[in-house]
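Reminder, nothing fancy here: chain letters follow the sequence lines and each chain counts from 1.
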Amino acid sequence: MDPIRRAKIEELRRLGIDPFPTEPFQTNTTAAEILRYYPQQKLDFKAVRIAGRLWRKRLMGKASFAVLRDETGDIQLYFQRDDFLDKPEMYDSVFKKLLDLGDIIGVEGFVFTTKTGEITIHVRHFRLLSKCLRSLPIEKETEERTYAAFTDPELRYRMRYVDLIVHPGVRELFRRRTAIVQAIRDFFNAKGYLEVETPILQPVYGGAFARPFVTHHHALNMELFLRISNELYLKRLIVGGYTGVYEFSKDFRNEGIDRYHNPEFTQVELYVAFQDYYWMMELVEQLLEGVVRKVVGNLRLSYEGREIDFTAPFARMRYYEALEREVGKDVRRLSERELIQLLHERNIPLPEPPYERIDLVSQLFDKLVEPACIQPTFILDYPVEVSPLAKRHRSEEGVVERFELIVAGKELANAYSELNDPLDQRERLERQAALRAAGGLEAMPMDEDFLRALEYGLPPTAGLGLGIDRLTMILCDAPSIQEVLLFPLLRPEPPLEADR
RNA sequence: GUCCCCAUAGCUCAGCGGUAGAGCAGCGGAUUCUUAAUCCGCGGGCCGCAGGUUCGAAUCCUGCUGGGGACACCA
């Protein structure tokens with residue numbers, strides 16, 4: 001806390017001014033509205049009331065300029081000493097000395113244009129609404145350069161409130177994130193699907209390969225897991241008779257943090273009865289076209305310096321064929337030794353032991369095929385070994401009816417014709433259990449209740465998971481997941497000192 | 001988990017063995033159309049923390065902490 005600002009509080013109180021008043025301040029316009037409509041005189045701007053942070057002061061003698069920043073933008077203020085003849089201290093002391101940059105104020109006045117052509121509020125009255133006791137990293141820009149830019153990512157993420165105050169573009173990004181979620185919700189609602197909420201605390205976790213966060217419930221004295229996925233619950237709801245359900249799901253995975261991964265992240269999952277993954281591919285194309293057009297305004301956008309085109313239909317490649325295109329041979333025919341040889345040739349590290357044959361194939365795919373898919377690309381028909389919840393392919397051995405949508409070299413969505421044969425499902429989960437027993441930390445645990453639900457009959461169902469954070473990254477051209485999370489996980493900072 | 005880079009004033013950064021610097025922000029003064037306002041004056045720092053080397057360390061070395069990046073993991 002700035003001791004000078006702290007002292008100003010006492011000074012204000014001596015003048016009878018409450019630095020944190022209770023009375024509301026009713027505004028009747030915004031900075032953006034004034035700047036947009038004043039030139040055409042479409043609205044009456046003779047008595048505007050507007051609130052925001054004091055952003056700049058250009059003090060002169062008997063008259064001064066300032067800038068006010070509200071949520072919509074910045075607008076210049078003009079103060080004249082002669083306007084405060086009844087209370088001269090309001091200009092000379094309160095405005096000129098006791099108000100600091102960052103203070104939240106409300107002003108009332110009329111709009112005019114200065115000699116230099118800037119739309120400005122001539123302030124007749126102003127009120128301090130909340131004192132700002134720390135100096136903000138207010139940036140100053142000229143044509144040549146920006147001064148005091150607040151750019152340190154750590155500080156920006158730790159003090160996102162400051163980041164948001166200082167950077168209108170960051171505020172805009174998170175508006176866009178909300179717009180993306182809203183567009184998806186509108187799309188699903190228009191189709192008649194039901195938005196639901198399922199447990200975040202789960203006695204058995206499942207639906208994905210990941211290590212969970214573990215917690216404990218005292219009253220029931222039981223171990224609980226934060227969900228890594230809501231998939232198995234949404235399928236139970238399809239068993240229960242809903243035709244289409246979806247949920248925006250915060251999922252938690254106890255794994256590493258990098259520019260694509262945060263321990264908690266958001267997916268939307270959708271399950272629709274009586275459909276299959278082919279149908280789901282078309283739905284995803286329709287969904288993304290709609291969302292991108294609505295949010296970006298154009299199906300072509302720039303991400304990391306490359307153009308991405310969301311015009312449907314997206315490219316489609318089958319898993320093993322895509323791999324064959326990269327390595328020149330059908331990896332299904334290769335021995336484990338030949339696969340290892342291939343990895344060596346391409347300078348790709350072996351997976352962590354204990355690994356199986358399929359892990360070598362996966363590694364090849366992840367390192368060669370995924371990064372090469374820049375434009376939206378459906379990869380379909382994944383190996384059955386890596387897809388324990390997907391239905392076996394209707395006509396081909398060894399693969400399942402599953403697709404991933406890859407954009408900019410990263411998985412954006414994952415979908416199956418859901419496995420609804422409870423006997424097959426049990427075998428697949430038993431294999432997962434065996435992998436866990438062998439030390440596979442990410443293999444799925446057995447979920448007997450889920451199997452019981454399947455035994456009551458899950459209709460043929462298409463299911464989808466779509467990563468909201470990654471979609472937001474692409475649609476905002478954001479370089480890391482931290483940039484699209486309001487409060488990304490950081491290590492704790494050392495304790496702040498109490499400051500009175 | 002491994003490797004590389006970074007940490008100096010409220011913010012952005014310079015200084016890289018010899019008395020801690022700049023711009024912006026701040027404080028005092030002048031100023032009735034400024035907009036990085038201008039002009040005069042002023043204050044501000046455990047140079048991330050702890051050790052070590054040295055006559056002398058912000059500067060060199062080691063460790064720690066925090067951050068960034070790459071790799072690994074996340075099929």
Side-chain angles (χ1 to χ4, degrees), chain A residues 1-5 7-8 55-67 74-83 91 96-97 100-102 112-120 122 132-159 162 166 208-211 228 251 253-263 265 319 347-352 355-356 358-367 369-370 379 382-383 385-388 402 404 410-411 414 435 440-443 479-480 482 490-494:
Chain A
M1 185 163 49
D2 177 353
I4 295 166
R5 292 189 180 208
K8 285 177 179 178
W55 206 242
R56 252 177 249 292
K57 280 166 59 169
R58 293 186 280 277
L59 299 182
M60 295 177 294
K62 294 175 184 161
S64 296
F65 290 92
V67 173
D74 296 351
I75 188 154
Q76 180 165 262
L77 306 178
Y78 179 66
F79 291 77
Q80 265 189 9
R81 177 187 283 162
D82 292 351
D83 292 331
Y91 179 80
K96 273 189 149 181
K97 300 195 172 171
D100 290 297
L101 302 193
F112 74 109
T113 306
T114 63
K115 285 176 189 168
T116 51
E118 177 138 359
I119 296 168
T120 301
H122 186 128
C132 173
L133 292 174
R134 289 176 181 263
S135 68
L136 284 166
I138 291 177
E139 302 180 351
K140 285 206 162 188
E141 276 177 66
T142 64
E143 277 104 54
E144 305 100 68
R145 51 175 293 205
T146 299
Y147 293 86
F150 184 60
T151 51
D152 183 330
E154 177 186 1
L155 293 176
R156 288 184 48 232
Y157 302 152
R158 280 201 198 286
M159 300 191 288
V162 173
V166 171
F209 300 102
R211 299 173 65 178
I228 60 172
D251 294 339
R253 297 186 183 174
N254 207 338
E255 282 159 0
I257 299 175
D258 65 24
R259 53 188 287 241
Y260 299 101
H261 297 87
N262 192 68
F265 66 104
Y319 185 96
N347 266 323
I348 302 168
L350 293 176
E352 300 258 308
Y355 57 79
E356 305 199 341
I358 192 64
D359 299 316
L360 300 169
V361 174
S362 278
Q363 181 77 338
L364 272 173
F365 182 86
D366 292 346
K367 295 295 179 270
V369 179
E370 263 195 25
I379 301 290
Y382 278 65
E385 297 92 327
V386 299
S387 316
R402 168 183 179 185
E404 286 195 4
K410 289 282 162 189
E411 173 190 349
N414 183 19
L435 287 175
L441 292 169
E442 279 127 20
S480 73
Q482 284 86 1
L490 302 174
R491 276 173 219 265
E493 64 182 328

**Student:** Using the C1' atom on both, measure B:G56 against B:C24 and round to a whole Å.
**Tutor:**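 Pairwise C1' distance, B:G56 against B:C24, rounds to 34 Å.
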
**Student:** In whole angstrom, give me the gap between the P atoms of B:A22 and B:G45.
**Tutor:** 14 Å

**Student:** Under 4.0 Å, heavy atoms only, any strand: does A:Tyr91 hit a base, just the sugar-phosphate, or nothing?
**Tutor:**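 A:Tyr91: no heavy atom of the nucleic acid under 4.0 Å.
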
**Student:** Using the ring centroid of each side chain, check whether A:Tyr91 and A:Phe79 are separated by less than 6.0 Å.
**Tutor:** no

**Student:** Name the residue closer to the 5' end of RNA chain B, choosing between A:Phe209 and A:Lys96 according to the nucleotide with the nearest heavy atom.
**Tutor:**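 Its nucleotide being nearer the 5' end, the pick is A:Lys96.
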
**Student:** Could you tell me which nucleotide pairs with B:C33 by Watson-Crick or G-U wobble geometry, both distances under 3.5 Å, or answer none if nothing does?
**Tutor:** none

**Student:** Looking for any heavy atom pair under 4.0 Å, which part of the strands does A:Pro349 touch: base, sugar-phosphate only, or nothing?
**Tutor:**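 Counting heavy atoms under 4.0 Å across all strands, the contact made by A:Pro349 is with sugar-phosphate only.
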
**Student:** State the pairing partner of B:G18; accept Watson-Crick or G-U wobble contacts with both distances under 3.5 Å, and report none otherwise.
**Tutor:**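 Because both required distances fall under 3.5 Å, B:G18 counts as paired with B:C55.
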
**Student:** Tell which nucleotide pairs with B:A7, taking only Watson-Crick or G-U wobble pairs whose two distances are both under 3.5 angstrom.
**Tutor:**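 The base-pairing partner of B:A7, which may sit in any strand shown, is B:U65.
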
**Student:** Any side-chain N or O of A:Lys97 under 4.0 Å from OP1/OP2 of B:G26?
**Tutor:**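 Negative; the distance criterion is not met.
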
**Student:** With nearest nucleotide decided by heavy atoms, which residue, A:Gln482 or A:Leu59, maps closer to the 5′ end of RNA chain B?
**Tutor:**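 Its nearest nucleotide being more 5', the pick is A:Leu59.
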
**Student:** Which whole number of Å gives the distance between the C1' atom of B:G10 and that of B:C27?
**Tutor:**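 Their C1' atoms lie roughly 14 Å apart.
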
**Student:** Counting only side-chain heavy atoms from C-beta out, which of B:U32, B:U34, B:G10 sits nearest to A:Ala63?
**Tutor:**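 Closest nucleotide to the A:Ala63 side chain: B:U32.
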
**Student:** Would you say the base of B:U34 and the side-chain of A:Thr114 have a donor-acceptor pair closer than 3.5 Å?
**Tutor:** yes

**Student:** So, using salt bridge (charged side-chain N to carboxylate O under 4.0 Å, His left out) as the criterion, who are the partners of A:Asp83 when residues are at least two apart?
**Tutor:**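 With neighbours one apart ignored, the set is A:Arg124.
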
**Student:** Categorize A:Lys8 for me: base, sugar-phosphate, or nothing, with a 4.0 angstrom heavy-atom threshold over every strand shown.
**Tutor:**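 Sugar-phosphate: the residue A:Lys8, judged by heavy atoms under 4.0 Å, touches backbone atoms but no base.
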
**Student:** Which whole number of Å gives the distance between the P atom of B:G68 and that of B:G26?
**Tutor:**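 Result for the P pair: 30 Å, nearest Å.
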
**Student:** Which is true for A:Phe365 with a 4.0 Å heavy-atom rule: it touches a base, it touches only sugar-phosphate, or it touches nothing?
**Tutor:**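 Since no nucleic acid heavy atom lies under 4.0 Å of A:Phe365, the category is nothing.
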
**Student:** Indicate whether OP1 or OP2 belonging to B:G10 is found under 4.0 Å from a side-chain N or O atom of A:Arg5.
**Tutor:** no

**Student:** Side chain of A:Gln76, base of B:U34: donor and acceptor closer than 3.5 Å?
**Tutor:** yes

**Student:** I'd like the P distance from B:C5 over to B:G63, given in whole Å.
**Tutor:**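 Each nucleotide's P atom is 13 Å from the other's.
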
**Student:** Are there over 12 heavy-atom neighbours, none belonging to A:Arg58, within less than 6.0 Å of that residue's CZ?
**Tutor:**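 Counting other residues, nucleotides and ligands, CZ of A:Arg58 exceeds 12 neighbours.
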
**Student:** Taking salt bridge (charged side-chain N to carboxylate O under 4.0 Å, His left out) as the test, write out the residues that go with A:Arg253, two or more places apart.
**Tutor:**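 Scan of A:Arg253 (salt bridge (charged side-chain N to carboxylate O under 4.0 Å, His left out), adjacent residues dropped) gives none.
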
**Student:** For nucleotides B:A7 and B:C64, find the distance between their C1' atoms and express it as a whole number of Å.
**Tutor:** 14 Å

**Student:** Can you tell which of B:G68, B:U34, B:G26 lies closest to the side chain of A:Tyr157?
**Tutor:** B:G68

**Student:** Report the nucleotide, chosen from B:C11, B:A25, B:C33, that has the shortest atom-to-atom distance to any side-chain atom of A:Pro137.
**Tutor:**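 Among B:C11, B:A25, B:C33, the one nearest the side chain of A:Pro137 is B:C11.
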
**Student:** State whether the distance check finds a donor on one side and an acceptor on the other, under 3.5 Å, for side chain A:Asp258 versus base B:C71.
**Tutor:**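 Counting by modelled atom types and ignoring angles, no donor-acceptor contact under 3.5 Å is found here.
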
**Student:** Rounding to the closest angstrom, what is the interatomic distance between B:A57 and B:G66 at atom P?
**Tutor:** 28 Å

